[in-house]
Amino acid sequence: MSVTQAEITEFEEQADRWFAENKPANPGFILPETFMEVGTDQQFEFLRNWQQKVYENGYVGMSWPKEFGGLGMDQVFQDIATKAMAKHRVPFLPNTIGLNWAGPLILAMGSQEEKSRYIKGILSAEDIWCQGFSEPDHGSDLGSAQCKAVKDGDEYVINGSKIWTSLGSYAKYMILIARTSTDGPNKYAGLSFFLAPMQTEGIEPRPIKKLTGEYGFCQTFFNDARIPASCMIGGEGEGWKVAMATLMFERGAAGGQAGGLAMMDLSIDDVVELARRAKRNGKPAIEDPRVREELVDLITEARGNSHMAARDKVPALATDWPTAISMSGKLRSSELKRRMCQFALSLQGANGARYVSSDAVDGGLWQRSYLNAFSGTIGGGTSQIQHNIIGERVLGLPKG
Amino acid sequence: MSVTQAEITEFEEQADRWFAENKPANPGFILPETFMEVGTDQQFEFLRNWQQKVYENGYVGMSWPKEFGGLGMDQVFQDIATKAMAKHRVPFLPNTIGLNWAGPLILAMGSQEEKSRYIKGILSAEDIWCQGFSEPDHGSDLGSAQCKAVKDGDEYVINGSKIWTSLGSYAKYMILIARTSTDGPNKYAGLSFFLAPMQTEGIEPRPIKKLTGEYGFCQTFFNDARIPASCMIGGEGEGWKVAMATLMFERGAAGGQAGGLAMMDLSIDDVVELARRAKRNGKPAIEDPRVREELVDLITEARGNSHMAARDKVPALATDWPTAISMSGKLRSSELKRRMCQFALSLQGANGARYVSSDAVDGGLWQRSYLNAFSGTIGGGTSQIQHNIIGERVLGLPKG
Amino acid sequence: MATIEFSEEQTMLMETAVDFCRKQSPIERVRAQIEQPQSVDPAVWQEMVNLGWTGITVPEQYGGLGLSLADAVPIAESMGRHLMGSPFVSTTLATQALISSGGEALRERWLPQIAAGTPASMALTEEDGNWNLTEIGSFATLQGDQLSLTAKKCFVQDAPDAGVIVVSANVDGRARLIAIAADQLPPGALTRETVIDETRRSYTLEVDALALPVAQLLEGADFAAIERAALLLLSAEMSGGLSGVLHVIIDYLTTRKQFDQYIGSYQSLKHPTVQILLSLEACRSHLYRAATCMAQGNATELEAALRMAKAQGSEAFAFAGDRAVQFHGGFGFTYECDAQLFLRRALWCQYQFGDAAYHRNLLAPLLLDD
Amino acid sequence: MATIEFSEEQTMLMETAVDFCRKQSPIERVRAQIEQPQSVDPAVWQEMVNLGWTGITVPEQYGGLGLSLADAVPIAESMGRHLMGSPFVSTTLATQALISSGGEALRERWLPQIAAGTPASMALTEEDGNWNLTEIGSFATLQGDQLSLTAKKCFVQDAPDAGVIVVSANVDGRARLIAIAADQLPPGALTRETVIDETRRSYTLEVDALALPVAQLLEGADFAAIERAALLLLSAEMSGGLSGVLHVIIDYLTTRKQFDQYIGSYQSLKHPTVQILLSLEACRSHLYRAATCMAQGNATELEAALRMAKAQGSEAFAFAGDRAVQFHGGFGFTYECDAQLFLRRALWCQYQFGDAAYHRNLLAPLLLDD
């Protein structure tokens, strides 16, 4: 497909206009920032409706095939639409696992029948998806998954539990890694991958109350839950391979995502803007010399991170440790976010001690974001473990 | 002995006057701050002469017995004299090992003959003493000492080496721990303690150049060095016991030190005073809001340390971890000193990059002190090891 | 006089307080109380009253023990150690305001009631969150022997339980204090606030042209004395809280295993935990130095000692709370883990009566300019 | 235009520089050179000249390569990596001053000589250590076609080897620049300074009423351009130095054993080493962002990019040097350990042309005020 500059410009204007005109009004309650933070039915319904509206107006799944519910257009248009969403700071599209993990996987590896069954519901947010990779006590080490799937006729019987299942209570399907065998040549060989229907007897998602006081994750229990054997994607024992492919989609490295805004992330610009509004001792915080120095320091750090990404694309400027930048992305961004939110409280004077409520600065967004920021510094390997990994794999330091 | 308040007051005035009148003029070269930093003959001679003058005027060894060269006075007078030295910021007395380690040990455990031979020279600084405890590769773990002393007739033959021997090149005697046996019930049992004459064939102190570019320590090599068996103090195999007693003298816990100023330590007050004089961008550094905040923070930390010492004396206010304060003293003070000196450079604008010379602020004292400050954070167990020790022994955390 | 003094009487008070709070405020009860309308169970409050705590600084002629505010320190510290909620701190602050600024009539009216167990509260902070207690927007006008008060005050602790609330307002252009009796507040004057520390019961007090007898205007207006009292008691709560959160960390580090090792054996957890210990030792030392200055009437050093205690403690406790959550890993991210209770308490303490930067700023002239 | 661009030409320059500095500046030679009067062996300098480095930014009409200052970055960075001393940075700075502020006559006189290998230097800073380049005490008075210069300048690098030194002084109340030829300096005008980085050859230049033809006064006085050049080259040296010290640390951590374990396996050393790595990545990224802005002529972002590079790099390198000494334990305390060489270099770089706090202060209006 060849796309002309005129088409691009026209679509840019169209998308810009649409999101400007259709940005939802403040709902009167504080919205989550990511799909991992949806804590109330009210929030969920609001976001699901928003995704549906975005889909019906043709701004998500634009590059996915027409026959399954997409628009069959060039990826460039989707990128423009996604940028417009970010620019106008509209809410994110909540079916993140469907749009960025399950959907691309099904399009790449699924049968015609699977594509027809799943794709459209992913785009319209009618069918919410969740992810069942992590297990209690095994953190992010997929290979150690203990949740069992035993074949019994044309069904698999699932036993075990998965943790940190976002949208678990709302999801119709789960992408599930389970162990179908324990005697493979290594711990990865016995894993299989399922598109599991959540409305199955014996599957019970129990909401976990977060330190924020809100919900947003479940622990999902499997108790002799029987799912059709046809739910398996890839062959038995190929779960690790399928999971790795899925993670590639998630990271956007392989393309294929439905697109659309995945989170409303706070940036250092938001903190600066807060510093202009918020008051310390009757004066805008931004006038305080110490606040200014700290803001400069945080901006420097944030820009450093973004320049790193740009430099990483110049092979000649890869240092003696060429994987340092890519391996440290999560550590750098999650720790910066935690400190940024923590600092944001200090801009609010005595109001730093408020919490989510209409009296709080920005409705308590910053306090909640600070507490939620630990999901970044803990989930997917704690910052302490990240230091080990970088020290050992990037710098070649000996294991502890 | 009973001392009257009138005598005390009179002596306070006398000492105050004497040190005010006799404080040496600036010698025109930068002086060391402790006996571990004497790097040139010029510095050494200056300090030795100063100790001699202080001794001849009766301000050191005041409580030591008259018959061996002391004044036989009450300890209270020595304490007054020592305070006056600190108040007037006169140079320290360089024979630190003699005054605070060897002297008290000999007075407590030595024979009449040993007292007659050694004590007076310690006080007058005629006989400089050094210490031979640490060995290369064994850090501060005395029990691992490998330096050997083998008895041969009425001599011991010493082989091995000792490190971080301060004043090694100037010393007449060394207090030496050496291994006289390897088959004791534990590694401490085979150690013996000697008052070893340094002018012995086979003993060679080689100066170590410090990161400051100066000298101040030696590595002392023993190569079939024969010392009289009578140099041993305490019995064979009792070296550990004698060493522990000596360390008690050093820490002042058992009293008995000759007194006198042992170091010219930099305090946070000196940094504040520097901030008044030193300029950043044409203005006194103390006018810079960031400098002020940092100074306040350092003062708070320094006062916290001194309040800790006071609180530690109130049993009811010992916390759940009653050894925390005493076990962390070295860690807290050495790390504070390092950061304080590091910060002091930043008060000097471009002159922060100078080094020991007349053009530098305070002759380069702060730059040199910063580099020397690592002796505190490294020597006697690094700060990293201190954290381990406190974590394990005070908090009961498991060993690594 | 010694830098830090602690009398036998204080030692006994401390032993009682430590014991009482440990027994009355186990962590399950702290969590259960969060769901209740009040910050403390009335029966527990009555026991505190029986121990004399509400009258500890009330002069003997009004039925109190007539002790120094320094003697309230071990109590606030022990309560902080166990995250105990209660109107103790706000009551003690209001007591200080009445002692330092109230006239004889107001003292006679309120102090005996407080000593007998009626909680009291302070209404100082306003919507802009300014920590300077004398920069306020609320005001009262004088008409004959009546005051007309228009005020919106925030962070009024345990307001519905208070018999009296001491409110700051501008009167004739000067910051003054007014004692309002509970039954004088119109219905709807109090609204519950959502604050980060869920053990607190915090309220907005809003009145519009409320008529009050002029006799309820306090004679003096010693805001500095009120700030001093607040800094001392908050520092005590922080010192206790630091100790509490350190115990939570150590418990986890010595029982949780990962890769077959107790996680406390990893230096990346062990060393920051040692830093937290040392910050606690510093916090407690600054606290009891400030208490000693207060008990000795050492006005020269008191202000600096208090601001140092608040600045150092605020930073240390917030750091410890933050690390406590992090060190608990996935469990730390759950509401079930106690680390969050301490982190939330730390944030509360940090942002009440001035954070570390605020006090450092005020310390600079005290410490650096002669 | 991309945020960070790096041309093939720059890549080739970098490969040459990396290779050259590694071969010409092994650590033993760095140490040996410290004992020598000059900062670099004349034969090595000649090779640098042969590679065209002294003429890299000199316009082609004066015999140079006519490249952007951004192209000098990989060279300064590689020299920093190997602690190489040389008049390269001071020469390049003086070149920039002559290009941006010198008139045609001065350019014609000096630029061809510089391109051909004559070192040059700058004399900007004074005894008070002020980093603001236009706040100076040295001055020159104009008498007919003669200048009379009275100046005391500090930190003049490699002054005895310089063919020309560009000196700042007040002329008629304005900060100006004057080019002084080596042979115009009276005997005794230069005194060697003791500076913390022993690979430097730093001098005080002092003249009293030195008569100079007015033609040596530079036409322009673009101190901002000089500062920009200095910040870029210093940031490049720091980026290289950070990489160098990180190698020193890693070498020790992977070869030294304690308690039967490689010390690099201890998290208390491993984790801060990772922090140093990440600070290097940030430093290098800020550096090449600033270089890109300079090459693209992106004046809007250049100043902020440079000050960020200098602020971040200064702090990161000083931290890394400090930790390098500490992590080497007893050996780190000796002159023999290479860690001290990097720490000294870091302190030099930090305090030349403004430390982190200085630049953050100047960044605040650039980044925060519209």
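First the proteins, then the strands, lettered A, B, ... as listed; each starts at 1. Computation of the quantities below employed the complete heavy-atom set of this structure, encompassing side-chain atoms and omitting hydrogens, waters and symmetry-equivalent molecules.
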Test D/Leu343 against B/Phe374 for side chain to side chain contact (heavy atoms under 4.5 Å, CB included), laying out the working first.
CA-CA 12 Å; D/Leu343 175 55; B/Phe374 288 102; 3.9 Å; yes
Who among D/Asp355, D/Leu347, D/Asp128, D/Asn132 has the most heavy-atom pairs with chain B under 4.5 Å?
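When all of D/Asp355, D/Leu347, D/Asp128, D/Asn132 are compared, D/Asp355 has the most.
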Residue among D/Val195, D/Thr194, D/Thr204, D/Thr191 with most heavy-atom pairs under 4.5 Å to chain B:
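Of the candidates given, the most pairs with chain B belong to D/Thr194.
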Calculate, to the nearest 0.5 Å, the distance between atoms [atom1] and [atom2] belonging to [X] and [Y] respectively.
{"X": "B/Asp359", "Y": "D/Phe155", "atom1": "CG", "atom2": "CZ", "answer": "8.5 Å"}
{"X": "B/Leu211", "Y": "D/Arg344", "atom1": "CG", "atom2": "CZ", "answer": "6.5 Å"}
{"X": "B/Lys210", "Y": "D/Thr334", "atom1": "NZ", "atom2": "OG1", "answer": "11.5 Å"}
{"X": "B/Ile378", "Y": "D/Phe327", "atom1": "CD1", "atom2": "CZ", "answer": "10.5 Å"}
{"X": "B/Arg338", "Y": "D/Asp322", "atom1": "CZ", "atom2": "CG", "answer": "4.5 Å"}

Around D/Glu127, counting heavy atoms of other residues, nucleotides and ligands shown, do more than 12 lie under 6.0 Å from its CD?
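12 or below, so no.
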Take atom CD in B/Glu273; do more than 12 heavy atoms of anything else shown fall under 6.0 Å from it?
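More than 12 within 6.0 Å, yes.
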Quick one: what part of B/Arg368 sits under 4.5 Å from any heavy atom of chain D, side chain, backbone, both or neither?
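Contact with chain D is absent: no heavy atom of B/Arg368 under 4.5 Å.
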Check whether B/Asn372 gets within reach of chain D through its side chain, its backbone, both or neither, counting any heavy atom under 4.5 Å.
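Both parts, heavy atoms under 4.5 Å.
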If you check every heavy atom in residues 342-358 of chain B against those of chain D, which residues fall under 4.5 Å?
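Expected list: B/Gln342, B/Leu345, B/Ser346, B/Gly349, B/Ala350, B/Asn351, B/Gly352, B/Ala353, B/Arg354, B/Tyr355, B/Val356, B/Ser357.
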Taking heavy atoms only and a threshold strictly under 4.5 Å, list by residue number the residues of residues 274-283 of chain B that touch chain D; give 'none' if the list is empty.
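Only B/Lys279, B/Arg280, B/Asn281, B/Gly282 of residues 274-283 of chain B have a heavy atom under 4.5 Å from chain D.
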Partner residues of B/Gln219 under the side chain to side chain contact (heavy atoms under 4.5 Å, CB included) criterion, sequence neighbours left out:
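Residues passing side chain to side chain contact (heavy atoms under 4.5 Å, CB included) with B/Gln219: B/Pro136, B/Ser161, B/Ile163, B/Ile208, B/Phe221.
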Which portion of [X] sits near chain B, non-hydrogen atoms under 4.5 angstrom:
{"X": "D/Gln350", "result": "neither"}
{"X": "D/Arg192", "result": "neither"}
{"X": "D/Leu341", "result": "neither"}
{"X": "D/Asn361", "result": "neither"}

Going through the distances and angles, do B/Thr377 and D/Gln326 end up as a side-chain hydrogen bond (donor to acceptor under 3.5 Å, both in side chains)?
CA-CA 7 Å; B/Thr377 62; D/Gln326 177 71 23; 2.6 Å; yes
Which residues in residues 264-273 of chain D have a heavy atom less than 4.5 Å from any heavy atom of chain B?
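Residues of residues 264-273 of chain D touching chain B at under 4.5 Å: D/Ser268, D/Leu269.
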For the side chain of B/Arg290 and the backbone of D/Tyr358, is there at least one donor-acceptor N/O pair under 3.5 Å apart?
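Flag not set: sc B/Arg290 to bb D/Tyr358 has no pair under 3.5 Å.
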Quick one: do B/Thr212 and D/Tyr335 satisfy side chain to side chain contact (heavy atoms under 4.5 Å, CB included)? Show the steps, please.
CA-CA 7 Å; B/Thr212 60; D/Tyr335 192 80; over 6 Å; no
Where D/Phe333 and B/Leu371 come nearest, the two heavy atoms and their spacing
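Between these two residues, the closest heavy atoms are CE1-O, 3.6 Å.
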